[in-house]
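Notes to accompany the following structure.
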Amino acid sequence: MMPGGNEKSVKALKEVWRRAENSLCADCGKPDPDWASSTLGVFICLSCSGIHRNIPSISKVKSLKMDHWDDAQVQFLAHHGNAVTKATYEAHIPIYYYQPTYNDCQVLREQWIRAKYERKEFTKPGKQLPYSDGVKEGILWKRGRDNGQFLPRKFLLSEREGCLKYFTKQDAKEPKVIIKIDVINATFQPVKIGNPNGLQITYLKDNKTRNIFVYHENGKLKSRLTRNFLKEGYMEKTGPKQKEAFKKRWFTLDHRRLMYFKDPLDAFAKGEVFVGSRENGYSVQKGLPSGTQGNFSWHYGLTIVTPDREYLFTCETETDQLDWITAFTSVVNQPMIPQEYAIEAYFKVKS
């Protein structure tokens, strides 16, 4: 179904809509967008159109299937489109800035859209810095490691020092923790934390992964440190002898680190597995080795092969199994960089 209007206008709209550059949502990458902004000239999906609708001073959205487009609006789309508009609004995105996809939560996608079009953070080099002196501080509600209670804590991000600090008291002079930015990942976790503005901050401490769970009251969370985990979810695992009973654990795949936890909100991982590249002897296989003796309740197995041993896991459904295999395959197919060889060496010494 196409909107009403003269035949020439409808035909022109179809032509610009069919362009390859407009086949994915300009903001989240979802295929086959069927909405567009008549003021920005971008083609977007239904979900992102709802976010655009909340910034009417910047963007006016219309359905490509149900709304009428006049000749002037069609011409505007034809002269803009996703490629031209991205060249302006995404011209200077920092390499560390996570660009969300349609699989990400509403909060993350909204911050991304507002940063592009409302605040125009990426139109000029350096414009994306939200603070001129290289320091950003504010209050986040942090989950206690032992009692699970969320309490307000002051966080300070210093670009000059290259670190994130948090303080147990508002007037404290010394931070409880100082974390170097180059070992931090921050991932939006609204479901896991139970808050629409939930954030999981992960960092390395003595080469061990540490989690901090926080949320912000008004959702104004920055994306400067974020990248999504490749995959999270429950699997069952057995021990190195492959004869022990399989135990249900929460797994997080953060690039080459596969971490497992007894509970999704645990501060520290119970264990970690390094996942290297195929050319270095790592692979993922569907199913379990024949003769596996450990008792397991889930029957969709997979095996991670490393130069030193095999790791056996089971998934609850075939879909979970295939998703995990896809995630692991994407990792082992990537060549290792020099820093990752050092991490691999640490894992071998530790084991």
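Bear in mind the structure is a predicted one, so any value in this text is a computation, not a measurement.
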Note to self: Do the side chains of Glu90 and Lys116 get close enough for a salt bridge, i.e. N-O under 4.0 angstrom?
What the structure shows: yes

Item checked: Test item: side-chain donor near acceptor, Thr319 and Thr317, under 3.5 Å -> no

Note to self: Quick check: do Leu156 and Leu164 have side-chain heavy atoms less than 4.5 Å from each other?
What the structure shows: no

Note to self: Could you check whether any side-chain heavy atom of Arg153 comes within less than 4.5 Å of a side-chain heavy atom of Ile139, counting everything from C-beta outward?
What the structure shows: no

Next item on the list: Look at the side-chain heavy atoms of Ile, Leu, Val, Met, Phe, Trp and Tyr, link any pair under 4.5 Å apart, and say whether Tyr102 and Ile51 land in one connected group.
Entry: no

Next item on the list: Please say whether more than 12 non-hydrogen atoms of neighbouring residues, nucleotides or ligands are located less than 6.0 Å from NZ in Lys231.
Entry: yes

Item checked: Check: Phe261 ring centroid to Trp250 ring centroid under 6.0 Å -> no

Check: So which of Tyr89, Tyr117, Phe122 actually passes ring-ring contact (aromatic ring centres under 6.0 Å, His included) with Trp112?
Finding: Phe122

Item checked: Between Gln285 and Glu310: side-chain donor-acceptor atoms closer than 3.5 Å -> no

Note to self: I want to check something: taking the side chain as every heavy atom from C-beta on, are Phe268 and Arg210 in contact at a cut-off of under 4.5 Å?
What the structure shows: yes

Item checked: Near-ring test His299/Phe296, centroid separation under 6.0 angstrom -> yes

Next item on the list: Look at the aromatic rings of Phe313 and Tyr311 and report parallel, tilted or perpendicular, splitting at 30° and 60°.
Entry: parallel

Margin query: Quick one, Arg249 with Met235, criterion side chain to side chain contact (heavy atoms under 4.5 Å, CB included). Give me CA distance, side-chain angles, the key distance, then yes/no.
Written below: CA-CA 6 Å; Arg249 295 288 183 258; Met235 289 193 292; over 6 Å; no

Checklist line | Within 6.0 angstrom of Lys60 NZ, more than 12 heavy atoms from elsewhere | finding: yes

Notebook entry, point to check: What is the distance from atom OG of Ser59 to atom CD1 of Ile44, rounded to the nearest 0.5 Å?
Noted result: 5.5 Å

Check: Hey, is Arg145 close enough to Asp266 for a salt bridge, meaning N to O under 4.0 Å?
Finding: no

Note to self: Salt bridge or not between Glu340 and Arg256? Use side-chain N to carboxylate O under 4.0 Å.
What the structure shows: yes

Note to self: I want to check something: taking the side chain as every heavy atom from C-beta on, are Lys154 and Tyr166 in contact at a cut-off of under 4.5 Å?
What the structure shows: no

Next item on the list: Mark yes or no: Lys237 above the aromatic ring of Tyr260, with NZ or CZ under 6.0 Å from the six-membered ring centre and no more than 45 degrees from the axis.
Entry: yes

